[in-house]
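So that the names make sense, note that chain A is the first sequence line, chain B the second, and so on, each numbered from 1. What you see is a predicted model; the values in this text were computed from it and never measured.
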There are 2 protein chains.
Amino acid sequence: MFEKLFENIRKKIVITEREEEICRSLFIPKKLRKRQYLLQQGDVTKYTAFVEKGLLRSYIIDDKGAELIMQFAPEGWWINDMYSAITGEPAEQNIDAIEDSELLLLTTQGYEQLMQEAPVFERFFRLQLQNSFVALQRRLKGNIILTAEEKYKNFIQAYPNIVQRVPQHNIASFLGITPESLSRIRKQMAER
Amino acid sequence: MFEKLFENIRKKIVITEREEEICRSLFIPKKLRKRQYLLQQGDVTKYTAFVEKGLLRSYIIDDKGAELIMQFAPEGWWINDMYSAITGEPAEQNIDAIEDSELLLLTTQGYEQLMQEAPVFERFFRLQLQNSFVALQRRLKGNIILTAEEKYKNFIQAYPNIVQRVPQHNIASFLGITPESLSRIRKQMAER
DNA sequence: AAAAACTCTTGATGTATGTTAATGAAATCA
DNA sequence: TGATTTCATTAACATACATCAAGAGTTTTT
């Protein structure tokens, strides 16, 4: 159950047997069925989730009822509503499972405890955040300067596996375009 | 010279006299004149900068020659090209001064040294990154779901001081709209 | 196995914002 | 102080993408 987690952690830091034990004691295994929520808008985030198996998404619903997918999280990825986690305010995001999934959950309290008992995790999460930040900057940039078609091409280039696993309108939602536009773009691309 | 820096650090962590000393030895004071570059696209990032005084911006120029401002950094803010800093690859971003500025620079090496000699800074930069990440998520969201007018209103709400200090087309560039559009939006807003 | 819900496609039409271009004012430079 | 660059405004026109609406497969539910 913990293989993917330790593999993920060891990509960034070195941990001891002892620290592995601490993780085993703090992370809570949890299964989620397709369409089941891990977090709903308005609730306060309780967990930071690591995905061992399956696929999750986080998304928001704006005032006009439009959905925007903030993140896809397949195996080996982390997901939570960072805003709610650090402020303790109700979450703006929803997180649910796109496929039946197996998670390892770290409570907000467990998160702090982990840092205390194994300070090397300060470093781990810092490095993790650096990468997330850079990825998000790139996404913002793409969103502003690219055309819808370029956004889609970048996406299938960057996440070919996700393309296979989610309905097309989810990709549109992630890219910030309508499903209709994406459909037309794909048609054009196929015609050439 | 270091007042703002320590004030900024102490908002997130507790540091000792000793750690203050380490900072004094690692941060390099530097003045930058208006329009002077701290980093140019293609060069590798050498520094992470803390702004003691003045105002900087980071921006990219895309293939079509369009400019996109990624960040404004007034007093008390940090700025660098995170991508280049963590990968060692040439920077995509430019960073320059909008006003004559006074900076405290931490070299990439100094950054690592700081973590070694004062590990509490792992925590500091982690917390820092958490906030940056949340702010960036909010910006991405706004960029996708808001109209140009809403984007502008949010901006003047969030950064009233920046509005006073930079030319209007810089704000347009930050928001991802054209200066002409912003001008029209302001006209409309004034008419009501 | 029928009903319901979801998913994708396609067409007609609308609109927010971009593009191009010209002008004048303000700031900076020499 | 005159010359030059930067900045903001405005108008006419263009366009990428959204919206609305209908239809046909698919998948899921009962």
Side-chain angles (χ1 to χ4, degrees), chain A residues 33-36 55 57 59 61-69 72 94 96-100 141-156 162-192, chain B residues 33-36 55 57 59 61-69 72 94 96-100 141-156 162-192:
Chain A
R33 303 296 287 283
K34 186 172 174 172
R35 269 160 227 240
Q36 203 179 335
L55 177 58
R57 84 222 248 240
Y59 63 98
I61 306 288
D62 75 14
D63 325 326
K64 299 142 201 157
E67 174 199 288
L68 170 62
I69 294 183
F72 292 111
N94 299 277
D96 67 12
I98 294 179
E99 300 172 0
D100 292 350
K141 177 193 139 198
N143 228 287
I144 295 178
I145 68 183
L146 301 180
T147 63
E149 178 170 345
E150 289 168 332
K151 285 175 201 172
Y152 178 62
K153 281 182 174 164
N154 275 192
F155 186 87
I156 55 185
I162 304 275
V163 178
Q164 310 302 323
R165 291 163 71 179
V166 308
Q168 202 170 297
H169 68 269
N170 276 178
I171 296 173
S173 165
F174 182 89
L175 297 177
I177 63 181
T178 59
E180 294 92 335
S181 287
L182 183 52
S183 177
R184 279 186 271 259
I185 284 162
R186 282 167 47 84
K187 191 186 178 191
Q188 278 177 46
M189 284 170 62
E191 280 168 0
R192 289 187 225 128
Chain B
R33 303 296 286 283
K34 187 171 173 171
R35 269 161 226 242
Q36 203 179 332
L55 177 58
R57 83 223 248 242
Y59 63 98
I61 305 289
D62 74 15
D63 326 325
K64 298 142 203 158
E67 173 198 289
L68 170 62
I69 295 184
F72 292 111
N94 299 277
D96 67 11
I98 294 180
E99 301 172 0
D100 292 351
K141 177 194 140 194
N143 227 287
I144 295 178
I145 68 182
L146 300 181
T147 63
E149 178 170 347
E150 289 168 333
K151 285 174 202 173
Y152 178 61
K153 282 181 174 164
N154 275 192
F155 185 86
I156 54 184
I162 304 276
V163 177
Q164 310 303 322
R165 292 164 69 180
V166 307
Q168 202 170 296
H169 67 268
N170 276 178
I171 296 172
S173 165
F174 181 88
L175 297 177
I177 63 181
T178 60
E180 293 89 341
S181 286
L182 182 52
S183 177
R184 278 186 279 258
I185 285 163
R186 282 165 49 82
K187 190 186 178 195
Q188 276 177 48
M189 284 170 61
E191 280 169 0
R192 290 188 226 129

Measure the [atom1]-[atom2] distance between [X] and [Y] for me, rounded to the nearest 0.5 Å.
X	Y	atom1	atom2	result
L55(B)	I162(B)	CG	CD1	5.0 Å
I171(B)	I69(B)	CD1	CD1	9.0 Å
D63(A)	E150(B)	CG	CD	7.5 Å
I98(B)	Q36(B)	CD1	CD	14.5 Å
T178(B)	I185(B)	OG1	CD1	8.0 Å
L68(A)	D62(A)	CG	CG	8.0 Å

Nucleotides 16-21 of chain D: which of its N/O atoms have a protein N/O under 3.5 Å away?
from: dC17(D); atom 1: OP1; to: A148(A); atom 2: N; distance (Å): 2.7
from: dA18(D); atom 1: OP1; to: T178(A); atom 2: N; distance (Å): 3.4
from: dA18(D); atom 1: OP2; to: T178(A); atom 2: N; distance (Å): 3.4
from: dA18(D); atom 1: OP2; to: T178(A); atom 2: OG1; distance (Å): 3.0
from: dA18(D); atom 1: OP2; to: S181(A); atom 2: OG; distance (Å): 2.3
from: dT19(D); atom 1: O4; to: R184(A); atom 2: NH2; distance (Å): 2.8

* **Set of residues satisfying side-chain hydrogen bond (donor to acceptor under 3.5 Å, both in side chains) with respect to E149(A), sequence neighbours excluded** => K153(A), R192(A)
* Hey, does the side chain of K151(B) reach the backbone of G142(B) with a donor-acceptor pair shorter than 3.5 angstrom? ->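 No.
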* Should we count CZ of R33(B) as having more than 12 external heavy atoms under 6.0 Å? -> no
* Structure fact -> A correct 5'-to-3' footprint of nucleotides 22-30 of chain D, with B, S and - meaning base, sugar-phosphate only and no protein heavy atom under 4.0 Å, is ------S--
* To do: Calculate the interatomic distance between H169(B) atom NE2 and dT6(D) atom P; express it in whole Å.
  => 9 Å
* Positional range of nucleotides in DNA chain C within the contact set of chain A, heavy-atom, under 4.0 Å ->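 Extent of the interface on DNA chain C: dT7(C) to dA12(C).
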* For Y152(B), what residues pass the ring-ring contact (aromatic ring centres under 6.0 Å, His included) criterion, not counting sequence neighbours? -> none
* So, D96(A) and R57(A), do they make that salt bridge, N to O below 4.0 Å? ->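 Judged by the 4.0 Å cut-off on N to carboxylate O distance, D96(A) and R57(A) do form a salt bridge.
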* Structure fact -> Per-helix bend value, the helix from dA1(C)-dT30(D) to dA30(C)-dT1(D), C1' rotation axes over five pairs per end, 10° rounding, shows 60°
* Closest non-hydrogen atom pair between S183(B) and Q168(B), with its separation -> CA-NE2, 3.9 Å
